[in-house]
Amino acid sequence: MAPHIHYTKLFINNEWVDSKSGKTFDTYNPHDGSVIAKVSEGDKEDIDLAVAAAKKAFARNSEWRLMDPSERGKILYRFADLVEKEANYLAQLESYNNGMVLHMNTMLMTGAPDEIRYTASLADKIEGNTIPSDGDTFCYTLKQPVGVCGLILPWNVPILMFLKKVTTALAAGCTTVVKPAEQTPLTALYLASLLQKAGVPPGVVNVVNGYGETAGVALTHHPDVAKISFTGSLEVGKLIQQAAGANNLKRITLELGGKSPLVIMNDADLAAAIPYAAFGVFTHQGQICIAASRLYVQSGIYDQFVKGAVEMAKNYKIGNPFDADTQHGPQIDEGMMKKVLGYIEKGKQEGAKLLVGGKQSGSKGYYIEPTVFADVQDDMTIAKEEIFGPVQSILKFETLEEVIDRANATNYGLAAGIFTTNVNTAAIQFSKNVEAGIVWVNTYMKMCTQAPFGGFKESGIGREGGQRCVDEYLEVKTVTMAVPKKISN
Ligand code: NAD
Ligand code: MN
């Protein structure tokens, strides 16, 4: 029961077009590696056309620029309704293309329309300030859309990333060129069709499928693109910042993953902590930027905890993402499967204790068994690098102060968590001192629509979500007028 594929071309200026070169590329189902569809392959020429459309749509007297802010919001509310109506289809399309377990995707899609509505509600609340300036002046600020935005998406949660970036850019009044990950082009195209239905004028949203090294590079180097928002690897994040610096000093928002520590104190409620620790690292086969990939367990409960963790991992039901009882699906592609298996080998070589899993599961598709390593040391590769796979690394610690230092001894700083019943002290001290953009106490991966999301250190730049999310797509303009304080009659 494969979902029907409606769109495989590029979406430029509200039209479906072939790529200029006429080239296409295959997109796959990670469950068995079969080809789902041939998709138009965009390149520099197509990016140029899309950026030109977005630039025209952003021109001073365009329909989009003259539109009332509340009307922009209404378009997004209509879009939310359409996404709500099509939520099941979208979940299926995504699971078919990226291997996320369908019931989890369905759950994510249940929350998605309200996330859009939250952002829609900001469209007419973009306010400047009146400034109490010194001297004979009247001073105020305007917040204005930054311009054409290049939005580069990852393959792990493509729908949510599309929604977050596109709806925020539109609420701010920007126009956009979206470059989906080459592994997962299909949902972005479908969402673009829904935005058109919702009333987005031509050129405001464009989608160009293609590879990072071609279409992605063209977008990040384009002189008419004012801003890039990117979610993906640290390596590419750094290239994007370089491109911005070498070129027209584009504004950038980067979300670059992590090596997030989850700390379990001796006094933790283990009945909650053990399943959460598994959930934190095995969800979506570990392909989540906030994965709890360093699990620090205090010495008093270490052995008991490790036993519990092994039980959890053993009992994951591996299978087709479309089966109702499946808990664990495939990795996105062969390359990622091999990369993760390579990390597992490294873990073994460097002396971590492999307790469960560690192998490819089955012979078709890209499945890896949920894997648990105990007695991991901070300097081992599996404790340092983002694995992006179903690998739990358990490390032992003695004191809170020690674990805070060890948790912070990483170039990343996206998320962190602590399980403790000492909420008065340990939880507060940990939350205050851990270097991470998101901290969970006695829970993990709980996402909150109204809250900002983003990382410290090399996990990124800027924040998505929350009331201030639109600021990432706005410039502040200070207007100062000569107005004498004293009224002269
Ligand atoms: P990637 O960073 O290469 O790809 C992400 C997006 O960037 C894709 O759309 C890709 O086409 C584009 N891209 C690639 N090279 C580019 C370039 N030079 N210029 C502009 N755009 C470019 O990620 P990947 O290779 O698919 O995965 C590698 C690793 O990245 C994973 O192992 C994981 O650690 C990390 N990752 C993180 C996230 C996250 O949520 N932060 C998501 C996906 C991958
Ligand atoms: Mn890459």
Side-chain angles (χ1 to χ4, degrees), residues 25 27-28 30 39 41-44 47 97-100 150-162 164-165 177-185 187-188 207-222 225 228-244 246-247 250 252-260 281 283-291 293 331-343 366 368 381-382 384-391 411-415 437-438 445 447 453-455 458-462 464:
F25 64 95
T27 191
Y28 301 92
V39 175
E41 182 187 334
D43 205 336
K44 184 176 180 309
I47 290 287
N97 199 188
N98 89 338
M100 182 182 277
L151 310 176
I152 302 181
L153 309 182
W155 43 261
N156 55 343
V157 275
I159 294 176
L160 294 190
M161 291 300 106
F162 179 102
K164 193 125 257 174
K165 293 185 198 299
V177 176
V178 181
K179 210 296 282 169
E182 52 270 33
Q183 294 90 340
T184 53
T187 50
V207 181
V208 179
N209 321 302
Y211 292 97
E213 295 72 17
T214 51
V217 166
L219 191 56
T220 58
H221 286 79
H222 202 297
V225 173
I228 297 282
S229 175
F230 167 78
T231 299
S233 63
L234 173 56
E235 182 195 352
V236 173
K238 287 184 173 175
L239 292 176
I240 287 172
Q241 194 171 24
Q242 283 166 20
N247 198 256
K250 290 177 180 60
I252 51 173
T253 302
L254 304 175
E255 202 275 90
L256 308 176
K259 193 69 195 171
S260 300
V281 74
T283 294
H284 195 24
Q285 296 81 255
Q287 303 169 123
I288 301 218
C289 51
I290 49 184
S293 54
Q331 308 308 121
I332 185 72
D333 59 21
E334 195 179 357
M336 275 306 300
M337 179 181 74
K338 288 191 167 149
K339 187 172 165 190
V340 174
L341 290 171
Y343 276 118
Y366 314 119
I368 298 178
T381 308
I382 57 170
K384 292 200 315 213
E385 294 181 20
E386 181 172 53
I387 298 176
F388 233 58
V391 181
N411 56 324
Y412 287 111
L414 188 55
I438 304 136
M445 238 186 243
M447 300 302 293
F453 183 95
E458 291 186 43
S459 284
I461 295 177
E464 298 186 295

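Computed over heavy atoms, backbone and side chain alike; hydrogens, waters and symmetry mates excluded. Start at 1 and go down the list; that is how both ligands and their atoms are numbered.
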Assess the pair Trp155 and Phe388: is the distance between their ring centroids shorter than 6.0 Å?
yes
Can you give each donor-acceptor pair under 3.5 Å made by side-chain atoms of residues 334-342, sequence neighbours left out, with the distance rounded to 0.1 Å?
| residue | atom | partner | partner atom | Å |
| --- | --- | --- | --- | --- |
| Glu334 | OE2 | Lys338 | NZ | 3.0 |

If you take all heavy atoms of Pro185 and Pro180, which pair is closest and at what distance?
CA-CB, 4.1 Å
If we count only N and O atoms by modelled type, under 3.5 Å, do the side chains of Lys165 and Thr231 hold a donor and an acceptor together?
yes
Polar side-chain atom of Glu464 near backbone of Lys164 as donor-acceptor pair, under 3.5 Å:
no
For ligand 1, list every N/O pair with the protein closer than 3.5 Å, one pair per line with the distance.
| residue | atom | partner | partner atom | Å |
| --- | --- | --- | --- | --- |
| ligand 1 | 2 (O) | Ser233 | N | 2.8 |
| ligand 1 | 2 (O) | Ser233 | OG | 2.7 |
| ligand 1 | 9 (O) | Leu153 | O | 2.7 |
| ligand 1 | 9 (O) | Lys179 | NZ | 3.1 |
| ligand 1 | 11 (O) | Lys179 | NZ | 2.6 |
| ligand 1 | 11 (O) | Glu182 | OE1 | 2.5 |
| ligand 1 | 11 (O) | Gly212 | N | 3.2 |
| ligand 1 | 26 (O) | Trp155 | NE1 | 2.6 |
| ligand 1 | 32 (O) | Lys339 | NZ | 3.0 |
| ligand 1 | 34 (O) | Glu386 | OE1 | 2.7 |
| ligand 1 | 40 (O) | Asn156 | ND2 | 3.2 |
| ligand 1 | 41 (N) | Gly232 | O | 3.3 |
| ligand 1 | 41 (N) | Gly257 | N | 3.3 |

Please report the shortest heavy-atom distance between Gly212 and Glu182, naming the atom on each side.
N-OE1, 3.8 Å
